[in-house]
2 protein chains.
Amino acid sequence: MIFPNKILTLLDGILPKIWSIYICIWHYTMRRKITLKQIARELGVSISTVSKALNNSKEISEDTIQKVQAFAKLYNYRPNNLAISLKSNRTKNIGVIIPDIVHYFFTTVFRGIEQYAKMKGYKVITYVSDESLTKEVINMELLSNGSVDGFIMALSAETQKANDFEHLRRIENLQIPFVLFDRVTDEIDCDKVLINDQEAAYMAVTKFLDNGRKKIALITTAEYFSVSHGREKGYRQALRSYGLPIQEDLILRLPITDLDAEVIHTFFDKNDIDAVLCVNEVFAVYGMNLVQQRGVKVPEEMEFIGFTDGILSKYAKPGLTSMSQHGFEMGVMAARLLIDRIESNLRKVEKPFQTEIIASTLVERESTLN
Amino acid sequence: MIFPNKILTLLDGILPKIWSIYICIWHYTMRRKITLKQIARELGVSISTVSKALNNSKEISEDTIQKVQAFAKLYNYRPNNLAISLKSNRTKNIGVIIPDIVHYFFTTVFRGIEQYAKMKGYKVITYVSDESLTKEVINMELLSNGSVDGFIMALSAETQKANDFEHLRRIENLQIPFVLFDRVTDEIDCDKVLINDQEAAYMAVTKFLDNGRKKIALITTAEYFSVSHGREKGYRQALRSYGLPIQEDLILRLPITDLDAEVIHTFFDKNDIDAVLCVNEVFAVYGMNLVQQRGVKVPEEMEFIGFTDGILSKYAKPGLTSMSQHGFEMGVMAARLLIDRIESNLRKVEKPFQTEIIASTLVERESTLN
DNA sequence: TATCAACACGAAAACGTTTTCGCAAGGTGT
DNA sequence: ACACCTTGCGAAAACGTTTTCGTGTTGATA
């Protein structure tokens, strides 16, 4: 920029022609974004007139509107988002904080969020918490200074383990809306989107029982994961309601990363098992491979059902029967809840918190009979 | 907000005490974000003084700095990001546009971008183009009005097919920096991050040849994908340099979605094949499953190598030998190139465009011998 | 002819910062 | 006693919008 504004003001009365030429050259050579002020100056009207004309205000004559809009189009005017945000105190951004992105379920949820958000004119800023409480806190801190109108998040493993929700309370205090999905907590009152984990596990175990299986194992994670907790409850409930004893030995708890083949081998060595429910598809496919390696026939001698109907389930051998969690729908729902809340806050209308359940469905493949 | 600013100005001289009390109550009850103006008013200094004090300017006395910073801390002052962005004309946001997010490779790249960006204080706004040119254009349009300091993108399938880069030229004209990765084009001059596709394919085929394989097939996509193109070149080059004829029949082109088992079956029916190179892991695992279903032993009778060393390769049966593309490193590199360029633009230093190559490495599993 | 809407538009405040420049008080050197 | 420099701070412009309110010019009505 060669001419600072002070000089421009001075020039204004004296050399409008020169300015005109200057703006043309400047624009065509460097094609920087043009502003209301420049349009106003060019057309010899005020900034307010231009603004109103572009917004089709009926305060402005048809004539002027045409002129301004034509000019704006010609110079490819795009209103500066930042200025609008600053003025209106809303960014049209939403922050998404998820524990992991290299993970089928979370990416499908993200897809849902992104799609709905885009439809509503919102942009999505994503941070990965890496299952770490600290990172989760920092990420929220980074976004809560007006970068974002609201949050969508799934709690990290550490957060669930530590049961520490101070950062959520701070966001609550700042009046920033947020939605929890999948990994949630009862300690915080907010909009939530859940899977019917218990029911889904119940369905899966029922499938085994209907196929005549009686020695049903559960491979799960540590208990503090809200989803594993729910699924375990469903597993127990199904066995109970079929009058079968619950053998704690048949429940194997694994860490979410670094699977150890030995542990699983000894688990299958020590127990007599004819069906296995796993709380995710990695456990299921990994387990399936191990038992097949030992000569066990899947599904004839042992059936498998997993959760998270992702790419692994689809291309495993045999194809893994899996509870599909419909991540896309969850994402859409989470985004809808959040954006609804943001916009109703704007209109100062009170709205009770909602909890939406997305029903899982069983996708049957070759790892189960029938 | 009960008191608009005009009234405040009026009140200022008359009832400072009342204002003080008001601000206290207001802050403690609603905990809204506090601004420089309010701190200034409270402390009886000017806005500029507060701003400078918070930035540790040496124009301000040690005394005042202490006072201001203590007060700011007490009231948990956080500078408004939007205002700073507006003033400084940079958002500290980068836009990432990828064809697909439910895809191992792209998510790992994303992880790299996100991690480096966060380290540098940048936020990441992600849009999915869904392999569609139109969506790609719209997404860029949506972000190019000052929402973002620069872009990182991989071209969509449609864009590569149509060979239409008008949207990139617009961004170029707007002087917004951008980096292309993986799916790139020679038609646009900019920073790029690539895989050594040709070399990698060469390596893979060499592996087959060294194992004594002679009837090597290639399962790839349509030719307009820059990556497939490179990999095919490598495949041909390897065969040539080993003095083997290139049989066009041994090259199968599949669509990237909706795999049709029949097509693949007839491909294997009609040809005598003892090794298969696939341009992604889905093709490889899918193909491996099909031939195994026909009784072919992998790797003894037929070896497989795929690209994209993802979760599928790891948990397939047998484990798939795969060219790892080191998505994380690519992401980091892309983010680094972009942020470097953004910041050197800011300092008005000229910088030639760079093309960085991330070397692939072969991760050997059970689908190849030795 | 005086009155009054309706119409078209402009001035200016506001959003929350950063930064330049100016100014007063006090100290230092001749 | 004078000029001059340093220190510490404030006024105001600027970033690019939106929006409220005021105002001058019409044309119609009484």
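Lettering follows sequence order; numbering is per chain, from 1.
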Could you give the CZ-to-C1' distance, from B/Arg78 to C/dG16, as a whole number of Å?
15 Å
Do other residues, nucleotides or ligands put more than 12 heavy atoms under 6.0 Å from B/Lys120 NZ?
no
Please classify the nucleic acid contact of B/Ile84 as base, sugar-phosphate, or nothing, using heavy-atom distances under 4.0 Å.
sugar-phosphate
Residue from B/Glu136, B/His167, B/Lys135 passing side-chain hydrogen bond (donor to acceptor under 3.5 Å, both in side chains) with B/Thr159:
B/Glu136
Starting at atom NZ of A/Lys37, determine the distance to atom C1' of C/dA11, rounded to an integer number of angstrom.
14 Å
Between P on D/dT17 and CG on A/Asn89, what's the gap in Å once rounded to a whole number?
18 Å
Positive for salt bridge (Lys or Arg N to Asp or Glu O under 4.0 Å) with A/Asp191, one of A/Lys351, A/Arg341, A/Arg336:
A/Arg341
A/Glu172: which residues meet the side-chain hydrogen bond (donor to acceptor under 3.5 Å, both in side chains) condition with it, sequence neighbours left out?
none
Got more than 12 heavy atoms from elsewhere within 6.0 Å of NZ, B/Lys92?
yes
Could you check whether any side-chain heavy atom of A/Thr49 comes within less than 4.5 Å of a side-chain heavy atom of A/Leu43, counting everything from C-beta outward?
no
Euclidean distance, atom NZ of residue A/Lys92 to atom P of D/dT18 [Å, nearest integer]:
14 Å
Could you check whether B/Glu42 and B/Gln38, counting side-chain N and O atoms only, form a donor-acceptor pair closer than 3.5 Å?
no
Please confirm whether any donor atom in the side chain of B/Lys87 sits under 3.5 Å from an acceptor in the base of C/dT18, or the reverse.
yes
Rounded to the nearest 0.5 Å, what's the gap from CD1 on A/Ile138 to CD1 on A/Ile97? Could you check?
11.0 Å
A/Asn55, nearest nucleotide to its side chain (from D/dT18, D/dG16, C/dG16)
D/dT18
Length of the CG-C1' vector between A/Leu36 and D/dA14, whole Å:
15 Å
Please report, rounded to the nearest Å, how far the P atom of D/dT18 is from the CG atom of B/Leu82.
15 Å
C/dG16 P sits how many Å from B/Tyr77 OH, rounded?
10 Å
Between P of D/dC9 and CG of B/Leu54, the distance in whole Å
13 Å
For the atom pair OG (A/Ser147) and CG (A/Leu142), what is the distance rounded to the nearest 0.5 Å?
8.0 Å
As a check of understanding: the bend across the helix from C/dT1-D/dA30 to C/dT30-D/dA1, end axes from five pairs, rounded to 10 degrees, works out to 70°
Among D/dT18, C/dT17, D/dG16, the one nearest A/Ser51 by side-chain distance
D/dT18
Enumerate the protein-to-nucleotides 6-10 of chain C contacts in which both atoms are nitrogen or oxygen and the separation is below 3.5 Å.
unit_1	atom_1	unit_2	atom_2	d
C/dC9	OP1	A/Thr64	OG1	2.8
C/dC9	OP2	A/Ser61	N	2.9
C/dC9	OP2	A/Ser61	OG	3.0
C/dC9	OP2	A/Thr64	OG1	3.0
C/dC9	N4	A/Glu59	OE1	2.5
C/dG10	OP1	A/Ser46	N	3.3
C/dG10	OP2	A/Ser46	N	2.9
C/dG10	OP2	A/Ser46	OG	3.0
C/dG10	OP2	A/Thr49	OG1	2.0
C/dG10	O6	A/Lys52	NZ	2.5

